[in-house]
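Before any comments, here is the structure.
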There are 2 protein chains.
Amino acid sequence: MRPLKRYIPQETARRLSLYLRSLKMLDQKKKAVASSGDITRFLNVSSVQFRKDLSYFGGFGKRGVGYEVRLLTKEIEKILGTDAVRRIALVGVGKLGSALLSYTGFPEFNLQIVAAFDADPDKIGKIKRGFKIESISRLREVIKKEGIETAILSVPVESAQKVAHELAKCGVRAILNFAPVNLTLPKDVFVSNVDMASELEGLIYKLKRSKV
Amino acid sequence: MRPLKRYIPQETARRLSLYLRSLKMLDQKKKAVASSGDITRFLNVSSVQFRKDLSYFGGFGKRGVGYEVRLLTKEIEKILGTDAVRRIALVGVGKLGSALLSYTGFPEFNLQIVAAFDADPDKIGKIKRGFKIESISRLREVIKKEGIETAILSVPVESAQKVAHELAKCGVRAILNFAPVNLTLPKDVFVSNVDMASELEGLIYKLKRSKV
DNA sequence: CTCGGCTTGTTATTTTTTTCACAATATTGT
DNA sequence: ACAATATTGTGAAAAAAATAACAAGCCGAG
């Protein structure tokens, strides 16, 4: 395998997840070897883009043949850092948080929620979807003990910034934020925002433009 | 106001939502006029980027002064197509779908869910979060009647493609898809995917890289 | 009214990302 | 063994996007 190249496009990283999903699908269909075309067929990504993306990390295929599905899956997982189970904390067990607790899409990608927190005294101690809900006041204790560095934030928008700050102080370095607010955090903490309204606006904008 | 320029970067469109959110916040704080710096202070976007983005659509500010918050809000809403209420259908009232039905972040941006559908006979006819759940078999009828062209898809991954296809046939032109699958649809139908696992993978990748 | 401090809008430049073109390698059939 | 075909991997070119540089306009003080 060749050495890592210095600069890897942001977009390449984002697409690796897509490739992983596609590969898992091919594996389910008992396909052992697949070409770049097979892998990208149902993604909105060209096969050249795919090969270029992979080339930043090395050569994983065999010319004239394609890619070993299982092998490439493992390689991409290794690149993404999801080759071992990732332990994740969920903070905010409201309606959305509850739904996320029982989201079935995580295990397949080695993502595992291992702790759930809420501020509501009525919820604390209760079991929800198999998780015992802890008080937010125990954030530090549990996160340190479990060595968690990734969190899902699904608290109300009013408390999002405060809780996010608290998470950062406890050593959390990556936050998936569902609150519609741009979190201000030390720059060594990574944030990814899931903003439903914004996504819809984007769609509506495209819709509108397509009619002009 | 100058005429529209031909090509508008994808990214510009995406950022307009952010600006809108920031403007609404400033308005709440009784700020009538704001500079590009004020508006982008809490976004990860430079003030130059902001002005550049707006310049694709016209000049909305006053040199030496800044932007009228209310006015600019309206202008961006007009650009995005959310200046009037958008009627949206939600398909799939499982745990996630239910959470979305009561999501409070939509009205502020003129987004309104007006119909909810599910395939489960036990749910049909029931009221959930104020919505009467309709059978998916009535999709066409209701969507035509209400003139809906935007839908949120939160059905299980197995049925996502089928239901999406059905939506497209009913005249839906934009789908916000929560199922972890890349939908194949006529190319005049816009799809935006919300993929929680993928977002987490992206974060974990950054985390990993930052340590090297 | 004019100067100096601000802030916008825009053209030019640089950087980043995608696409193209093609060499290199494997496989299959004859 | 060799031609025909399939497919990867990668430098070079093109396209897209971000940043820099700066002209132009507004405001308030004197």
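All chains are named by letter (A, B, ...) in the order of the sequence lines, taking the proteins before the strands, and each is independently numbered beginning at 1. The basis for the numbers below is simple: all heavy atoms, side chains too, and nothing from hydrogens, waters or symmetry mates.
- Straight-line distance from the OH atom of Y56(A) to the P atom of dT16(C): 11 Å, rounded to whole Å.
- Remark on DNA chain C: of its neighbouring residues S47(B) and D53(A), the 5'-side contact belongs to S47(B), judged by nearest-heavy-atom nucleotide.
- For D83(A) and K78(A), the salt-bridge test fails: no basic side-chain N is under 4.0 Å from an acidic carboxylate O.
- If you take CG of L71(B) and P of dT8(C), they are 14 Å apart, rounded to a whole angstrom.
- Contact check on R41(B) versus D38(B) returns a salt bridge, with a Lys/Arg side-chain nitrogen under 4.0 Å from an Asp/Glu carboxylate oxygen.
- Within the structure, every side-chain polar atom (N or O) of Q10(A) is placed at least 4.0 Å from both OP1 and OP2 of dT16(C).
- Summarising the local packing, CD of Q112(A) is surrounded by more than 12 heavy atoms from other residues, nucleotides or ligands at distances under 6.0 Å.
- Phosphate proximity of dG9(D) to Y67(A): present, with a side-chain N or O under 4.0 Å from OP1 or OP2.
- Looking at the side chain of K52(B), the nearest of the listed nucleotides dT7(C), dT10(D), dT11(C) is dT11(C).
- Between Y7(B) atom OH and dA14(D) atom P the separation is 17 Å, expressed in whole Å.
- In this structure, S36(A) reaches the sugar-phosphate backbone alone: every heavy-atom distance under 4.0 Å involves primed, P, OP1 or OP2 atoms, never a base.
- A donor atom on one side chain and an acceptor atom on the other are not found under 3.5 Å apart for T150(A) and R86(A).
- As rounded to whole Å, 10 Å separates atom C1' of dT8(D) from atom CZ of F50(A).
- Rounded to whole Å, atom P of dT8(D) lies 15 Å from atom CD of Q49(A).
- Closest contact between the side chain of S46(A) and the listed nucleotides dT19(C), dT17(C), dT8(C) involves dT19(C).
- In this structure, the side chain of T12(A) does not engage the main chain of I8(A) through any donor-acceptor pair within 3.5 Å.
- For E77(B) and T82(B), the side-chain atoms include no donor-acceptor pair closer than 3.5 Å.
- The distance from atom CG of N44(A) to atom C1' of dT18(C) is 15 Å, rounded to the nearest whole Å.
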Check nucleotides 21-28 of chain C against the protein and report each pair of N or O atoms closer than 3.5 Å, with its distance, or say if there are none.
| from | atom 1 | to | atom 2 | distance (Å) |
| --- | --- | --- | --- | --- |
| dA24(C) | O4' | R63(A) | NH1 | 3.4 |
| dA24(C) | N3 | R63(A) | NH1 | 3.1 |
| dA26(C) | O4' | R63(A) | O | 2.9 |

